[in-house]
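Start at 1 and go down the list; that is how both ligands and their atoms are numbered. Residues take their numbers from the sequence shown, with the count starting at 1. Because the structure is a prediction, the values reported are computed rather than measured.
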Amino acid sequence: MKNRKIMIMPGDGIGPEVMDATLKIADWLAKYRAFSFDTQFGLCGAVSYEKHGVPLTDETMADVLACDAVLFGAVGDPRYDDLAFELKPERGLLRIRKELDLYANLRPALVFPPLVAASTLKEDVISGLDIMIVRELTGGSYFAEPRGRETRAGVVCAFDTNLYSVPEIERIGRVAFDLARKRNQKITSVEKANVMHSGVLWRETMMALHKSEGAGLDYENMYADNCAMQLVRTPKQFDVIVTDNLFGDLLSDCAAMLTGSLGMLPSASLGEVDAESGMRRAFYEPVHGSAPDIAGQGKANPLAQLLSLAMMLRYSFDMGADADLLERAVEMALASGKRTGDIMVAGAEQVSTDDMAGAVITALDTLAR
Ligand code: IPM
Ligand code: MG
């Protein structure tokens with residue numbers, strides 16, 4: 001089999017340190033499992049702005065397009081908050097999402113048994129939690145036109161448009177339905193049909209799709225504000241949540257905290273299957289962001305980045321067994337009592353980013369060598 005080409009983009013803030021830790025695990029996989037890959041490194045975000053004056057160069061974008069998958073760290077740097085909109089670090093990430101047409105963002109929120117005590121919620125509310133948020137990623141208020149800023153009758157205004165078309169809603173709906181079939185057969189479609197035209201269309205389209213293609217799936221509609229409340233009240237009522245770009249951004253941060261820490265949540269962003277190569281465009285990133293307040297101190301939790309690598313193995317390279325192995329190793333490392341600061345509890349041992357990765361490697365050695 002030809003080597004996989006993986007684009008590695010550590011990005012800003014804690015991105016480089018969690019990526020370094022994760023690449024040690026990738027090396028372990030290359031050494032002991034059938035995982036051969038070539039890596040290429042690319043700059044995105046503030047790091048690219050500092051070197052090239054833009055958050056993503058056209059050359060890097062072309063390199064990204066030529067890779068089988070992207071493993072991404074984080075973007076964002078408060079020092080550049082005042083830059084012009086198109087130069088902000090986040091624009092690099094958003095350009096990749098749009099140009100690869102990564103419309104389906106999968107954000108699984110799963111509570112590892114050793115971490116039940118790390119959540120701010122009570123143990124019985126979250127123990128055994130396993131939900132999947134499917135966030136539409138290339139439309140809605142993040143991208144739809146018109147958007148911008150203008151002066152109307154002497155008053156400065158700014159606006160975004162939460163536009164969705166029927167095909168956009170259908171294709172994200174199909175992804176969610178397929179996932180629900182492989183999981184617990186339940187879909188919650190989330191919008192604000194009580195207030196927004198886009199929400200009415202979202203609901204109509206999802207319900208029609210459920211009727212025509214969702215046989216056997218348990219389906220419900222939910223308003224986004226209610227969903228936020230239900231997520232902290234009784235999160236285990238959910239299996240797959242499918243929602244738009246902006247609500248998905250908010251609800252996935254909320255779901256992440258159920259698992260104990262934003263530092264635990266991986267994500268996969270998938271596009272269409274390429275007719276020529278048969279590969280699906282795919283991009284893997286932790287949900288946590290660049291966390292500038294702790295960057296460069298070796299404190300960051302590398303597990304979300306590492307679990308994003310596991311998602312890459314599962315969704316891009318059909319290596320489900322290795323993904324399972326990695327996830328079991330994470331659980332075993334946590335069971336050994338090692339914790340980064342974000343998931344620290346009394347009686348555990350607080351360790352650095354690298355030591356957390358080291359604990360995962362020790363677990364991998366125990367499980368599979
Ligand atoms: C996320 C992040 C991004 C988003 C930012 C960094 C642009 O919050 O992936 O959830 O808003 O989509
Ligand atoms: Mg977010």
Side-chain angles (χ1 to χ4, degrees), residues 9-16 18-19 43-49 54-56 61 64 70-81 83-109 131-144 147 160-162 164 168 172 190 224 227-228 231 241-259 261-271 282-295 300-301 304-305 307-308 311-312 342:
M9 307 187 104
D12 304 328
I14 60 170
V18 294
M19 187 66 84
L43 295 180
C44 183
V47 281
S48 171
Y49 176 75
V54 286
L56 183 75
M61 189 63 233
V64 166
V70 182
L71 187 63
F72 196 86
V75 285
D77 187 325
R79 287 176 299 164
Y80 300 112
D81 279 353
L83 280 184
F85 197 73
E86 287 311 315
L87 296 178
K88 285 187 191 296
E90 289 79 1
R91 296 314 300 174
L93 170 62
L94 294 170
R95 178 174 175 194
I96 295 176
R97 287 179 181 170
K98 194 66 183 173
E99 289 201 23
L100 295 188
D101 195 20
L102 302 168
Y103 67 92
N105 183 216
L106 277 42
R107 300 190 159 186
I131 61 187
M132 176 70 88
I133 297 191
V134 179
R135 167 186 177 194
E136 199 292 327
L137 201 62
T138 48
S141 52
Y142 275 62
F143 293 103
R147 52 199 294 106
D160 303 281
T161 304
N162 201 46
Y164 273 104
E168 277 179 302
I172 191 69
V190 173
C227 183
L231 266 175
I241 293 175
V242 59
T243 189
D244 79 4
N245 206 342
L246 185 58
F247 293 142
D249 182 42
L250 307 179
L251 295 173
S252 61
D253 265 34
C254 179
M257 267 326 282
L258 304 173
T259 71
S261 165
L262 205 48
M264 291 300 299
L265 217 72
S267 84
S269 304
L270 308 175
F283 182 98
Y284 301 87
E285 63 177 320
V287 174
H288 52 56
S290 59
D293 51 322
I294 58 161
N301 183 346
Q305 182 78 69
L307 292 167
S308 301
M311 288 189 91
M312 173 188 287
D342 58 315

How about Leu56 and Met9: do any of their side-chain heavy atoms sit closer than 4.5 Å? yes
Looking at ligand 1, is there an atom of it that comes within less than 4.0 Å of some heavy atom belonging to Arg107? yes
Say whether Asp249 and ligand 1 are in contact under the criterion: heavy-atom distance to a ligand atom below 4.0 Å. yes
Answer yes if the side chains of Asp77 and Tyr49 hold a donor-acceptor pair under 3.5 Å, and no otherwise. no
Out of Glu90, Arg97, Glu285, who gets a non-hydrogen atom closest to atom 3 (C) of ligand 1? Arg97
Compare all side-chain heavy atoms of Phe143 with those of Leu94 and state whether any distance is below 4.5 angstrom. yes
Can you tell me if Arg135 contacts ligand 1 (heavy atom of the residue under 4.0 Å from the ligand)? yes
Does some side-chain heavy atom of Val75 sit less than 4.5 Å from a side-chain heavy atom of Pro55? no
Check whether any side-chain heavy atom of Arg97 sits under 4.5 Å from a side-chain heavy atom of Asn105, and report yes or no. no
Taking both backbone and side chain into account, is any N, O or S atom of Asp253 nearer than 2.8 Å to the Mg ion (ligand 2)? no
From the N, O or S atoms in Asp249, identify the one nearest to the Mg ion (ligand 2). OD1
Where is the nearest protein heavy atom to atom 11 (O) of ligand 1: which residue, which atom, and how far? Tyr142 OH, 2.5 Å
Kindly compute the distance separating CZ (Arg91) from SG (Cys44), expressed to the nearest 0.5 Å. 11.5 Å
